[in-house]
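First, the structure itself, so that you have it in front of you.
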Amino acid sequence: MPELPEMETYRKLLEERVGGMVITEARVEREKTINIPPEMFIQTVAGNRLKHVGRRGKHLLFELESGHALLLHLMLGGFLYWGSQTDKLERSAQVTLSPGPNILYFHGLRLGYLHLLTRDQTAERLADLGPEPLSPVFTLAQFAQLLSKKKSLLKTALVDQHWLAGIGNCYADEICFHAGILPTRQIPSLTPEETTRLYHAIQAILREAMQAGGYMEVPFYHGDRLTGGYNERCRVYDREGEPCPRCGHRIAKSMLSSRKVFACTNCQT
DNA sequence: AGTGAGACCCGAACGC
DNA sequence: TGCGTTCGGGTCTCAC
């Protein structure tokens with residue numbers, strides 16, 4: 001599901017294409033996707049300029065000139081499409097915005113949402129998130145400090161948004177594989193050397209995935225060659241039984257608090 | 001504090 | 001083909 005690299009890919013594409021544009025029209029097809037009555041939502045959003053598109057963890061922030069922000073979380077199965085009245089998908093869209101001549105379609109928002117918030121409300125909603133793993137202030141020392149405060153299993157911590165923001169089920173496994181460490185390791189058992197490997201794996205995997213365009217299944221616009229470029233690059237995620245790209249051993253799947261865990265039990269220790 | 005279960009939601013996958 | 005059923009999975013909340 002959409003994690004940091006996918007949302008960052010969307011953020012960049014959106015910033016380039018619709019940043020600075022006036023949202024001439026907003027439509028709400030599913031009221032539960034938003035947080036206020038549709039009339040109020042449309043009244044505030046329509047005619048408002050989209051100043052900037054930001055990201056925090058797995059959230060996307062559409063910052064409006066009025067000081068409001070649209071806070072997007074795609075949760076499970078949510079995705080975006082940017083096209084025209086005719087160039088659109090054969091799928092229902094829960095909300096559409098028209099920044100400029102094209103239309104931004106919000107699809108698959110069942111558990112996901114697009115909430116219109118004031119500056120203060122936005123800050124409050126994001127206040128509980130952990131640090132951004134790719135921020136320059138997120139150093140190895142800070143990561144080691146974070147780890148020292150956790151006693152849980154490694155994977156449980158990696159997907160905990162309050163501890164570290166942006167990593168989900170897929171990248172947690174990919175990061176552990178890159179570091180050669182089992183996701184089910186107890187955090188207190190990690191050596192300083194392993195902590196260093198994990199830190200560098202977080203940087204390497206997230207940056208590689210961002211560069212490749214994440215693992216979304218649906219392109220962002222007609223002819224999009226970036227979005228979803230990471231689909232073929234996952235080393236262990238959803239590859240149960242396939243040979244490990246490092247040692248050839250079969251990749252194992254297990255469950256951990258109703259989450260799938262993929263790992264090579266031979267070269268990850 | 002960590003873990004687990006239930007709720008949320010509906011498209012996709014599956015079974016007959 | 002087609003209808004009914006099951007499942008998945010991030011996050012929040014509430015036990016234990």
Side-chain angles (χ1 to χ4, degrees), chain A residues 1-11 28-35 38 55-61 70-81 88-95 105-115 117 121-122 124-133 145-176 182-190 206 209 214-219 228 230-231 234 236-240 253-263:
Chain A
M1 296 303 107
E3 305 176 30
L4 186 153
E6 289 70 39
M7 299 314 277
E8 186 60 25
T9 301
Y10 277 142
R11 193 200 64 75
V28 179
E29 308 293 340
R30 181 180 180 274
E31 291 190 25
K32 290 181 91 168
T33 292
I34 60 173
N35 58 325
R55 182 192 58 75
R56 180 76 172 89
K58 302 178 187 175
H59 301 262
L60 228 49
L61 275 152
L70 289 165
L71 182 69
L72 172 72
H73 196 307
L74 293 176
M75 294 282 243
L76 306 144
F79 61 99
L80 303 179
Y81 190 79
K88 59 180 180 184
L89 304 174
E90 294 298 313
R91 291 279 298 267
S92 58
Q94 287 68 53
V95 179
Y105 297 89
F106 294 78
H107 292 286
L109 293 182
R110 341 198 268 277
L111 295 181
Y113 54 82
L114 184 67
H115 285 180
L117 304 171
Q121 288 171 327
T122 307
E124 197 185 327
R125 287 278 291 272
L126 301 175
D128 287 340
L129 288 175
E132 281 292 322
Q145 161 91 50
L146 267 189
L147 278 174
S148 71
K149 292 190 293 198
K150 274 273 187 186
K151 303 263 155 65
S152 68
L153 301 183
L154 176 57
K155 172 141 181 177
T156 307
L158 285 174
V159 299
D160 179 356
Q161 303 302 298
H162 305 295
W163 185 72
L164 187 62
I167 296 170
N169 212 28
C170 169
Y171 292 111
D173 287 355
E174 294 299 318
I175 286 163
C176 290
L182 286 170
T184 47
R185 278 280 295 280
Q186 295 275 162
I187 288 178
S189 78
L190 296 171
L206 295 181
Y215 66 87
M216 297 302 294
E217 289 183 13
V218 184
Y230 197 71
N231 293 356
C234 292
V236 289
Y237 188 73
D238 243 344
R239 295 196 182 279
E240 182 185 14
K253 175 190 160 191
S254 58
M255 297 300 286
L256 177 64
S257 4
S258 70
R259 276 199 151 88
K260 288 186 279 191
V261 183
F262 297 92

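The sequence lines fix the lettering, A, B, ..., with proteins before strands; numbering per chain opens at 1.
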Can you see which heavy atom on A:Arg30 is nearest to which on A:Leu109, and at what distance?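 Minimum heavy-atom separation between A:Arg30 and A:Leu109: NH1-O, 3.3 Å.
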
Nearest-angstrom distance from the residue atom OH of A:Tyr113 to P of C:dC12: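 It is 7 Å, rounded to the nearest whole Å.
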
In this structure, how many angstroms lie between the P atom of B:dA1 and the CG atom of A:Leu147, rounded? 17 Å

Picking from B:dG2, C:dG10, B:dT3, which would you name as closest to the side chain of A:Lys150?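 Side chain of A:Lys150 sits closest to B:dG2.
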
Length of the NE2-C1' vector between A:His59 and C:dT11, whole Å: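 Distance check: A:His59 NE2 to C:dT11 C1' gives 9 Å.
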
Shortest side-chain distance from A:Arg91, nucleotide among C:dT11, B:dC8, B:dG11: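 Nearest nucleotide to the side chain: B:dG11.
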
A:Lys58 NZ to C:dG9 P: how many Å, rounded?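 Result: 12 Å.
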
Consider the side chain of A:Leu111, meaning its heavy atoms from C-beta on, and name the nucleotide among B:dT3, B:dC8, B:dG11 that approaches it most closely.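 So the side chain of A:Leu111 is nearest to B:dC8.
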
Heavy-atom check, side chain of A:Trp163 versus side chain of A:Leu158, under 4.5 Å: yes

Where the side chain of A:Lys32 is concerned, which of C:dG9, B:dC8, C:dT11 is the nearest nucleotide?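 So the nucleotide nearest the side chain must be B:dC8.
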
Between A:Gln161 and C:dG10, does any side-chain N or O lie under 4.0 Å from OP1 or OP2? no

Identify the two heavy atoms, one from A:Gln94 and one from A:His107, that lie closest to each other, and give their separation to 0.1 Å.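 For A:Gln94 versus A:His107, the nearest heavy atoms are OE1-C, 3.2 Å.
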
Respond yes when some side-chain nitrogen or oxygen of A:His73 is under 4.0 Å from OP1 or OP2 of C:dT11, and no when none is.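 For C:dT11, OP1/OP2 do have a side-chain N/O of A:His73 under 4.0 Å.
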
Is A:His162 touching bases, backbone alone, or none of the nucleic acid, heavy atoms closer than 4.0 Å? sugar-phosphate

For A:Met7 and C:dG10, give me the distance from atom CE to atom P, rounded to whole Å. 14 Å

Give a yes-or-no answer on whether the side chains of A:Arg125 and A:His59 include a donor-acceptor pair shorter than 3.5 Å.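 Looking only at side-chain atoms, A:His59 and A:Arg125 do not form any donor-acceptor pair under 3.5 Å.
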
B:dG2, OP1 or OP2 - any side-chain N/O from A:Ser152 closer than 4.0 Å?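 Looking at the OP1 and OP2 atoms of B:dG2, neither is under 4.0 Å from any side-chain N or O of A:Ser152.
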
Where the side chain of A:Thr156 is defined as all heavy atoms beyond and including C-beta, which of B:dT3, B:dG2, C:dG9 is the nearest nucleotide? B:dT3

Please report the distance, rounded to the nearest Å, between CG in A:Asp128 and C1' in C:dG10. 16 Å

Check the distance between B:dA7's P and A:Arg110's CZ and give it to me in whole angstrom. 18 Å

Roughly, in whole Å, what's the span from OH in A:Tyr171 to C1' in C:dG10?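 Answer to the nearest Å: 16 Å.
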
Assign each of A:Gly108 and A:Met75 the nucleotide of DNA chain B bearing its closest heavy atom; nearer the 5' end lies the nucleotide of A:Met75

Please determine, by modelled atom types, if A:Glu29 and A:Tyr105 share a side-chain donor-acceptor pair under 3.5 angstrom.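 No - no donor-acceptor pair under 3.5 Å links their side chains.
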
State which of B:dG2, C:dG10, C:dG9 makes the closest approach to the side chain of A:Lys151.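 For the A:Lys151 side chain, the nearest candidate turns out to be B:dG2.
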
